Colleague: 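Supplied in structure tokens, the structure appears directly below.
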Amino acid sequence: MAESRAVERDPESVSRFVEHFAAQLVEAGVPRMPARVFAALLASDTGALTSSELGEQLRISPAAVSGAVRYLAQVHLVSREREPGSRRERYRVHSDQWYEALTSREAIIKRWEEALREGVASLGADTPAGSRLAETLAFFEFVEGEVEAMMERWRAHRETIFGR
């Protein structure tokens, strides 16, 4: 089990990781600045940084930090918290929050499924387009069940490895 203690790191190595992981997120469709902020939070020992710490580390403006954090909060990848006794906010990624958010798209998938059902009904299940929509609907229903089952297996596996 990994210990939760701060270790001195080479800032250049941290920066290389942040930029490399952010690039991978960008390739997967995450906007560039939110990807960089998310990677920086993930790479911090505490999992939390202030706006000024993010700006300094990533060499970006307060407005860029604000926009990135707003995006990340909307997609439930980070949370905001007040520093005790301060007006400053810290932005935090929780150890399980980010992959839970990436895999629990139930509300979005449900809306897609409903739209696809309507499309099958409108176009007719026996038409080529209706058949294609029906297959797409079946795919999303399958994926939804598989992701739910996979996350249950992951939680049990995580408990075995990390005790949480």
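Residue indices begin at 1 and follow the sequence shown. Here the structure is a predicted model, which means the values were calculated and not measured. The figures here come from the full heavy-atom set of this structure, side chains too, leaving out hydrogens, waters and symmetry mates.
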Colleague: Using every non-hydrogen atom in the two residues, find where I60 and L54 come nearest and quote the distance to one decimal.
Modeller: CG1-O, 4.3 Å
Colleague: Pick from H157, R158, E159: which one makes a side chain to side chain contact (heavy atoms under 4.5 Å, CB included) with I161?
Modeller: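 The residue from H157, R158, E159 that satisfies side chain to side chain contact (heavy atoms under 4.5 Å, CB included) with I161 turns out to be H157.
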Colleague: Working note: Y91 + L49, criterion side chain to side chain contact (heavy atoms under 4.5 Å, CB included); need CA distance, chi angles, decisive distance, verdict.
Modeller: CA-CA 6 Å; Y91 307 107; L49 297 167; over 6 Å; no
Colleague: Compare all side-chain heavy atoms of L133 with those of L123 and state whether any distance is below 4.5 angstrom.
Modeller: yes
Colleague: For S52 and R88, what are the C-alpha separation, side-chain angles and deciding distance, and is it a side chain to side chain contact (heavy atoms under 4.5 Å, CB included)?
Modeller: CA-CA 9 Å; S52 61; R88 292 189 337 174; 4.1 Å; yes
Colleague: Distance-only check: which donor-acceptor pairs under 3.5 Å involve side-chain atoms of residues 10-18, not counting sequence neighbours?
Modeller:
unit_1, atom_1, unit_2, atom_2, d
D10, OD1, E12, N, 3.4
D10, OD2, S13, N, 3.3
D10, OD2, S13, OG, 3.0
S13, OG, R16, NH2, 3.1

Colleague: Check residues 26-38 and write down every donor-acceptor pair under 3.5 Å in which the side-chain atom is one partner and the other belongs to a residue at least two apart or another chain.
Modeller:
unit_1, atom_1, unit_2, atom_2, d
R36, NE, E19, OE1, 3.1
R36, NE, E19, OE2, 2.9
R36, NH2, E19, OE2, 2.8
R36, NH2, L58, O, 2.9

Colleague: Around atom CD of E56, are there more than 12 heavy atoms of other residues, nucleotides or ligands at under 6.0 Å?
Modeller: no
Colleague: Begin from the C-alpha positions of V78 and L41 and carry the test side chain to side chain contact (heavy atoms under 4.5 Å, CB included) through to its verdict.
Modeller: CA-CA 9 Å; V78 301; L41 288 168; 3.5 Å; yes
Colleague: Could you tell me which residues satisfy side chain to side chain donor-acceptor pair (under 3.5 Å) with E144, sequence neighbours excluded, listed by chain and number?
Modeller: K110
Colleague: How would you list all residue pairs meeting salt bridge (Lys or Arg N to Asp or Glu O under 4.0 Å) that involve residues 57-68, not counting sequence neighbours?
Modeller: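 Qualifying pairs, neighbours excluded: none.
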Colleague: With no hydrogens and no angle check, is any side-chain donor or acceptor of S86 less than 3.5 Å from a backbone partner on R82?
Modeller: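 No, the answer is negative, given that no donor and acceptor are paired below the 3.5 Å cut-off.
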Colleague: How close do S44 and A48 get, heavy atom to heavy atom, and via which atoms?
Modeller: OG-N, 3.4 Å
Colleague: Can you check whether T50 reaches E89 side chain to side chain, under 4.5 Å on heavy atoms?
Modeller: no
Colleague: Under 4.0 Å between a Lys/Arg side-chain N and an Asp/Glu carboxylate O for E152 and R155?
Modeller: yes
Colleague: Which residue pairs pass the side chain to side chain donor-acceptor pair (under 3.5 Å) test with at least one member in residues 124-143, sequence neighbours excluded?
Modeller: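 Sorted pair list: R117-E141.
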Colleague: With rounding to the nearest 0.5 angstrom, report the CD to CG distance, E118 to L137.
Modeller: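 If we round to the nearest 0.5 Å, E118:CD and L137:CG are 11.5 Å apart.
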Colleague: Check whether any side-chain heavy atom of E53 sits under 4.5 Å from a side-chain heavy atom of R90, and report yes or no.
Modeller: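 Yes, side chains in contact.
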Colleague: E81: which residues meet the side chain to side chain donor-acceptor pair (under 3.5 Å) condition with it, sequence neighbours left out?
Modeller: R92
